[in-house]
Amino acid sequence: MTELTSQKQAALEAIAAATTLDALEEQRVAALGKKGWVSLALKTLGQMSPEERKDAAPAIQAIRGEVADALESKKAELEAAALEAQLASERLDLTLPAPEAPRGSIHPVSQVMDELAEIFADLGFAVATGPEIEDDWHNFTALNMDESHPARAMHDTFYFPDAAPDGSATVGQQASQMLLRTHTSPVQIRSMKQQGAPIRIIAPGRVYRSDSDATHTPMFHQVEGLVVDKGIHLGHLKWTLETFFKAFFEREDITLRLRPSYFPFTEPSVEVDVGYSNEGGRRVVGGHGDDEGHDWMELGGSGMVNRRVLEFAGIDPDEYQGFAFGLGIDRIAMLKYGMNDLRAFFDGDPRWLTHYGFSPYDQPTLSAGVGARA
């Protein structure tokens with residue numbers, strides 16, 4: 001035991017003299033490791049007689065406890081000293097801006113939809129929505145499109161298979177009349193039937209047609225507007241569209257031309273052309289289309305709501321009149337923000353979204369400018 005007492009004393013002195021955690025770890029291994037002198041002493045207990053073990057075991061365990069306590073105490077002391085040294089040597093400038101965390105961006109289509117809602121809300125319009133899976137009556141019949149209308153053709157419209165609600169085959173008409181809506185006009189029908197007149201709404205949303213190229217995709221976004229009230233005429237339509245385009249493109253020199261056309265759901269019907277110029281290979285909306293260096297570009301269709309459409313919606317056409325218009329959201333986004341390929345809108349390329357996207361904190365307002373970029 002005298003030898004163990006001497007080893008203990010030497011170990012306690014070495015522990016007290018340790019100046020680093022690595023040096024302290026060496027002392028722990030030398031004493032309490034598998035081949036340490038305390039561990040070897042404990043292994044000798046099995047070779048002793050019961051009487052010898054009775055006297056030696058408590059003494060060895062006491063030495064082990066003293067060494068372990070000394071190691072723990074010294075480790076805490078060294079760790080505290082290391083922390084104090086780190087705090088003394090390191091400085092953090094709390095006035096520096098925090099590093100910017102990665103963040104997503106608002107898609108141009110979502111941004112433009114918010115801009116549309118902001119502008120038309122200021123003009124007194126409400127936002128109306130409806131199902132994207134529509135029935136034949138709301139999508140075609142109620143909009144004065146008869147059975148022979150070309151828009152009903154399979155190559156223009158996505159129809160659902162002829163199947164009953166339970167999935168079985170059927171020759172019935174109800175299932176075969178379900179389709180992906182080709183415009184947001186059914187929302188106008190549903191809103192008129194539900195609210196009656198007077199009514200003033202816009203209906204933005206996704207629509208679907210069998211078409212795909214650089215300026216067309218099978219799924220795209222459209223906004224339609226509807227106003228039904230007493231005494232409505234084409235002058236109201238032109239003023240509304242002109243006011244919208246001035247606010248949306250943030251230019252006062254917007255000039256519109258209403259060109260006679262035909263749509264089954266409006267009578268009379270007009271195409272809406274806007275003056276533009278080419279600047280640096282980009283179409284810039286503004287100016288008069290007949291001026292030098294300018295031309296006209298079609299942006300949408302419009303007209304006075306057909307009497308039959310009002311009748312389908314349960315509104316008396318002898319008492320109320322209305323106008324309607326439709327614009328491609330993707331197309332006006334391309335014009336405003338300088339994009340040239342509609343297909344890029346739906347590729348999900350993060351590089352494109354980073355370049356053309358908007359800050360999540362950039363909420364469109366008329367006072368700040370609806371088109372403020374991130």
Side-chain angles (χ1 to χ4, degrees), residues 107 109-110 113 116 126-197 199 201-213 215-226 228 262-267 269 300-303 305-315 322 324-331 342-343 345-346 348:
H107 195 284
V109 169
S110 299
M113 281 191 174
L116 293 169
V127 177
T129 59
E132 295 179 20
I133 298 177
E134 263 296 0
D135 60 69
D136 178 83
W137 190 87
H138 284 93
N139 198 80
F140 293 126
T141 306
L143 293 164
N144 198 34
M145 297 184 188
D146 56 36
E147 294 292 334
S148 61
H149 195 280
R152 291 176 179 256
M154 292 293 293
H155 63 268
D156 283 335
T157 301
F158 292 106
Y159 285 93
F160 282 86
D162 291 345
D166 61 359
S168 60
T170 178
V171 294
Q173 294 185 348
Q174 183 174 0
S176 64
Q177 291 176 341
M178 300 307 293
L179 50 90
L180 293 177
R181 67 183 183 187
T182 59
H183 43 193
T184 56
S185 300
V187 178
Q188 299 181 26
I189 301 297
R190 293 179 179 275
S191 297
M192 285 191 286
K193 289 179 67 67
Q194 181 178 359
Q195 302 176 30
I199 189 172
I201 62 168
I202 59 169
R206 286 186 292 265
V207 297
Y208 307 85
R209 296 179 189 174
S210 300
D211 206 353
S212 182
D213 55 43
T215 57
H216 299 84
T217 55
M219 185 277 289
F220 58 100
H221 300 84
Q222 186 182 64
V223 59
E224 295 192 11
L226 172 70
V228 177
Y262 168 76
F263 303 108
F265 33 79
T266 53
E267 179 61 38
S269 304
S302 62
V305 180
N306 192 294
R307 290 176 57 89
R308 292 196 64 192
V309 174
L310 293 175
E311 291 172 350
F312 278 123
I315 295 176
F325 59 86
L327 304 169
I329 294 177
D330 311 302
R331 188 177 184 193
L342 182 59
R343 292 169 293 192
F345 277 60
F346 312 108

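Computed from a prediction, not measured in an experiment: that's the story for all the values here.
In this structure, the separation between CZ on Arg307 and CG on Leu310 is 8.5 Å, given to the nearest 0.5 Å. Between atom CD1 of residue Ile199 and atom CD of residue Gln194 there is a gap of 8.5 Å, rounded to the nearest 0.5 Å. Distance check: Thr182 OG1 to Met145 CE gives 6.0 Å after rounding to the nearest 0.5 Å. If you take CZ on Phe160 and CG on Leu179, they are separated by 8.0 Å, rounding to the nearest 0.5 Å. Here Met219 contributes atom CE and Glu132 contributes atom CD; the two are 8.0 Å apart, rounded to the nearest 0.5 Å.
By the 4.5 Å heavy-atom criterion applied to side chains, His183 and Leu143 are counted as neighbours. Considering only heavy atoms from C-beta on, Tyr208 stays 4.5 Å or farther from Pro218 through its side chain. Residues Leu226 and Met192 are in side-chain contact: their nearest non-hydrogen atoms beyond the backbone lie under 4.5 Å apart. Using a 4.5 Å heavy-atom threshold, the side chains of Arg308 and Pro264 count as separate. Between Val309 and Ile189, some side-chain heavy-atom pair lies under the 4.5 Å cut-off. Side-chain contact between Trp137 and Phe312: present, with at least one pair of heavy atoms (C-beta onward) separated by less than 4.5 Å. Side-chain contact between Arg209 and Leu180: absent, with no pair of heavy atoms (C-beta onward) separated by less than 4.5 Å.
Summarising the geometry of Ala197 relative to Val228, their closest heavy-atom pair is CB-CG1, 3.9 Å, with the distance given to 0.1 Å. In this structure, Gly326 and Glu224 approach most closely via the heavy-atom pair CA-CG, 4.0 Å. Scanning all heavy atoms of the two residues, the minimum distance from Gly196 to Ile315 falls at C-CD1, 4.1 Å.
Formation of a donor-acceptor pair under 3.5 Å by the Asp330 side chain with backbone atoms of His221 is found in this model. In this structure a side-chain-to-backbone donor-acceptor pair under 3.5 Å is present from Gln222 to Thr184. Although no hydrogens or angles enter the test, the distance criterion places a donor-acceptor pair under 3.5 Å between the side chain of Arg181 and the main chain of Arg206. In this structure, the side chain of His107 does not engage the main chain of Gly348 through any donor-acceptor pair within 3.5 Å.
Among the candidates Val127, Leu327, Thr129, Val109, the single residue satisfying the side-chain contact (heavy atoms from CB on, under 4.5 Å) test with Pro204 is Val127.
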